[in-house]
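Take a look at the structure below.
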Amino acid sequence: MFSWLDHAVTAWIPDLGGLLELPTDVRLTVLAFPITLGIQAEAWLPQGNWALQRMVKDMGTKRRREFLAGRLCAYRSLLAMGVISDFPLAARDRLPVWPSGVLGSISHCTSIAVAMAAPTSRFYALGVDVESLISPSTVADIQRSVGSDSELICLAGAIPCRARALTLLFSAKEALYKALYPLVRQFKDFHAAEIVDCETKSLVLRLTEDWSEEWRCGACVKVQYIWLNDEVLTAICLPYAQPIHS
Ligand SMILES: CC(C)(COP(=O)(O)OP(=O)(O)OC[C@H]1O[C@@H](n2cnc3c(N)ncnc32)[C@H](O)[C@@H]1OP(=O)(O)O)[C@@H](O)C(=O)NCCC(=O)NCCS
């Protein structure tokens, strides 16, 4: 069943869900695809999926490669849940369209793609992000737009390297946005949440303003994280207190 996938793939990175301490019913798939290997993203396009082929037709090479790597991860996460499905298409606002009963999240950088999927009976929000280490020369330019001085001080205790701290903060906030956007449907900039605690595998973000009626200023969300050499992967899983039975 996996033959065409395995043929096309550069390297699945196993067991990160366990290292991130994600709930066991959240399926995380991570794919490394170093550019130097020259993988052709077209090899990942499932034959006969015309809707997807139309979607990628006008994308540039880099965008197509990353988009398809994300879709490949999503497909594999769905398979791990026992869901046989096409690659998820994208809605107008770029949200992936998941099969009924599933929610998920996708992220990619130039050499790593990641997807997380889980049953809607157990979870109401998922957000994942992978980010390459921000270069030291960029740190000064972007740090004010990513976080406040007090946030960077909060991070410095756990992560002395400023570039790493900022990369983690950036990624955690993107994961938060991706988790909550499907619920609030509003754009929020990086000052709409702040870090209030950071430990070796997780941190806590607090909303600094109302995101919706339900997501009020002061609400806190835990973000799991792990470093893969020079990339950081952040993940948010929000479970219902009780599973929903349909
Ligand atoms: C939407 C956003 C988070 C995507 O991040 P990115 O760094 O461009 O790219 P990533 O690879 O990490 O994620 C892209 C994937 O996220 C998904 N996505 C896109 N928009 C999304 C949204 N509004 N909500 C949830 N997921 C979204 C898509 O699957 C997309 O991949 P695809 O287009 O190949 O399908 C980013 O573009 C953005 O708008 N950020 C500003 C808002 C923000 O993060 N605020 C912080 C609040 S504290």
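Worth knowing before you read on, the calculation uses all heavy atoms, side chains too, and leaves out hydrogens, waters and symmetry mates. Ligands are counted one by one from 1 in listed order, and the atoms in each one are counted from 1 as well.
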Ring centre gap for F190 and F170 strictly below 6.0 Å
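For F190 and F170, the ring centres are under 6.0 Å apart.
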For [atom], closest protein heavy-atom neighbour:
| atom | answer |
| --- | --- |
| atom 4 (C) of ligand 1 | K178 CE, 4.0 Å |
| atom 3 (C) of ligand 1 | Y177 CD2, 3.7 Å |
| atom 41 (C) of ligand 1 | F187 CE1, 3.6 Å |
| atom 31 (O) of ligand 1 | H108 NE2, 3.3 Å |

Is any side-chain heavy atom of [X] closer than 4.5 Å to a side-chain heavy atom of [Y]?
| X | Y | value |
| --- | --- | --- |
| T234 | E174 | no |
| Y225 | L233 | no |
| I226 | V232 | no |

Based purely on interatomic distance, does [X] place a nitrogen or oxygen under 3.5 Å from a nitrogen or oxygen of ligand 1?
| X | value |
| --- | --- |
| E131 | no |
| R63 | yes |
| W211 | no |

Would a single hydrophobic cluster contain both V223 and V130, if residues Ile, Leu, Val, Met, Phe, Trp and Tyr are joined by side-chain heavy-atom contacts under 4.5 Å?
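As far as the 4.5 Å side-chain criterion goes, V223 and V130 are not connected within one cluster.
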Which one holds for I106 and ligand 1: side chain close, backbone close, both close, or neither close, with close meaning a heavy atom under 4.0 Å?
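Answer for I106: both.
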Taking a cutoff of less than 4.0 Å between a non-hydrogen atom of the residue and any ligand atom, is G70 in contact with ligand 1?
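G70 does not count as a contact of ligand 1 under the 4.0 Å cut-off.
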Sub-4.0 Å heavy-atom approach of R71 to ligand 1
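In this structure, R71 qualifies as a contact of ligand 1 - some heavy atom is under 4.0 Å.
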Nearest-option assignment for [atom], heavy atoms, candidates [options]:
| atom | options | result |
| --- | --- | --- |
| atom 19 (C) of ligand 1 | E209, R94, E174 | R94 |
| atom 26 (N) of ligand 1 | D189, T234, L95 | L95 |
| atom 29 (O) of ligand 1 | G147, A192, P96 | P96 |
| atom 45 (N) of ligand 1 | K173, K188, E66 | K188 |

With a distance cut-off below 6.0 Å to the six-membered ring centre and an angular limit of 45° from the axis, does R164 pair with W227 as a cation-pi contact?
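Yes, a cation-pi geometry holds between R164 and W227.
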[X] side chain to [Y] main-chain N or O, any donor-acceptor pair under 3.5 Å?
| X | Y | result |
| --- | --- | --- |
| D15 | G18 | no |
| Y181 | L176 | no |
| K178 | I106 | yes |

